[in-house]
Amino acid sequence: MALVPYEETAGVGLQKFHKPLATFSFASHTIQIRQDWRQLGVAAVVWDAAVVLCTYLEMGAVELRGCSAVELGAGTGLVGIVAALLGECHTLALLGAHVTITDRKVALEFLKSNVQANLPPHIQPNAVVKELTWGQNLGSYSPGEFDLILGADIIYLEETFADLLQTLEHLSSKRSVILLACRIRYERDNNFLAMLERQFTILFIYLRERQ
């Protein structure tokens, strides 16, 4: 598992929550993410950590082509969209990354609209939006199903920590890579990192501001 912490002053920036549309450039594509803070709150805005994680993926942190990836707590879907675009294989679509983009049921229609609006038709079959409530409907997923597990700013509610850890354990195998981007805000966040270290090997990766 790799944790990608970031600083407040990092130059990746974040669109204001109240804007209905946030525009980004990743994987040689312009991505326009619809936001809806008033209706869905935290699930419908792009958080800094998502931009940081997309930047890290674009740096070539992991090989996406041919891998099976899942994004947890996807919200707007930015990270999953970028993973699918970076995993595109121009020669044979079957070798592209297969990305499962997940969140709770209440956020799925909003999430799906962003995914469909930002992925070209030939990539859309390789990106699936699917319900996943941590610790609850894991039977819908095979144990150790994914090569790559992604999460952006999903470490913030203490009452979800045990369920999140159970979910990570269920979805991963010894070959899996887990990438979490987060800002460590409170002591409880460090407590979760201690929980992770009892189950996973953790590497901290600090991103520097782009020059």
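Values in this document were obtained by computation on a predicted structure and should not be read as measured data.
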Around Lys112, counting heavy atoms of other residues, nucleotides and ligands shown, do more than 12 lie under 6.0 Å from its NZ?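 It does not: Lys112 NZ has 12 such atoms or fewer within range.
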Taking side chain as C-beta onward, heavy atoms only, is [X] less than 4.5 Å from [Y]?
{"X": "Tyr156", "Y": "Cys182", "result": "no"}
{"X": "Leu57", "Y": "Leu179", "result": "yes"}
{"X": "Pro20", "Y": "Asp36", "result": "no"}
{"X": "Asn118", "Y": "Leu85", "result": "no"}
{"X": "Lys19", "Y": "Gln35", "result": "yes"}
{"X": "Arg65", "Y": "Glu88", "result": "no"}
{"X": "Val51", "Y": "Phe26", "result": "yes"}
{"X": "Leu72", "Y": "Ile149", "result": "yes"}

How long is the span from the [atom1] atom in [X] to the [atom2] atom in [Y], to the nearest 0.5 Å?
{"X": "Leu86", "Y": "Leu64", "atom1": "CG", "atom2": "CG", "value": "6.0 Å"}
{"X": "Leu164", "Y": "Leu196", "atom1": "CG", "atom2": "CG", "value": "7.5 Å"}
{"X": "Ile154", "Y": "Trp47", "atom1": "CD1", "atom2": "CH2", "value": "14.0 Å"}
{"X": "Gln32", "Y": "Thr30", "atom1": "CD", "atom2": "OG1", "value": "7.5 Å"}
{"X": "Leu53", "Y": "Glu58", "atom1": "CG", "atom2": "CD", "value": "12.0 Å"}
{"X": "Trp134", "Y": "Gln166", "atom1": "CH2", "atom2": "CD", "value": "12.5 Å"}

Nearest heavy-atom neighbours spanning [X] and [Y]:
{"X": "Thr102", "Y": "Glu71", "answer": "OG1-O, 2.6 Å"}
{"X": "Gly135", "Y": "Thr167", "answer": "N-OG1, 3.0 Å"}
{"X": "Gly66", "Y": "Asp147", "answer": "O-OD2, 4.5 Å"}
{"X": "Arg34", "Y": "Phe110", "answer": "O-CZ, 2.9 Å"}
{"X": "Leu171", "Y": "Ser176", "answer": "O-OG, 4.5 Å"}
{"X": "Ile81", "Y": "Val115", "answer": "CD1-CA, 3.9 Å"}

For [Y], is there any backbone N or O sitting under 3.5 Å from a side-chain donor or acceptor partner on [X]?
{"X": "Glu131", "Y": "Leu108", "value": "no"}
{"X": "Asn114", "Y": "Ile33", "value": "no"}
{"X": "His170", "Y": "Leu168", "value": "no"}
{"X": "Lys130", "Y": "Ser140", "value": "yes"}

Check step by step if side-chain contact (heavy atoms from CB on, under 4.5 Å) holds for Asp189 and Phe161. CA-CA 9 Å; Asp189 302 336; Phe161 287 174; 4.2 Å; yes
Val177 with Val82, same ILVMFWY side-chain cluster at under 4.5 Å: yes
Say whether Val70 and Val128 are linked into one hydrophobic cluster, either directly or through other cluster members, by side-chain heavy-atom distances under 4.5 angstrom. no
Assess whether side-chain contact (heavy atoms from CB on, under 4.5 Å) is satisfied between Leu132 and Asp103, documenting all intermediate values. CA-CA 5 Å; Leu132 176 54; Asp103 211 314; over 6 Å; no
List the steps and the verdict of side-chain contact (heavy atoms from CB on, under 4.5 Å) for Ile31 and Thr23. CA-CA 6 Å; Ile31 301 169; Thr23 303; over 6 Å; no
Decide side-chain contact (heavy atoms from CB on, under 4.5 Å) for Leu165 and Gln199; before the verdict, give the C-alpha distance in whole Å, the side-chain angles of both, and the deciding distance to 0.1 Å. CA-CA 9 Å; Leu165 184 60; Gln199 302 295 331; 4.3 Å; yes
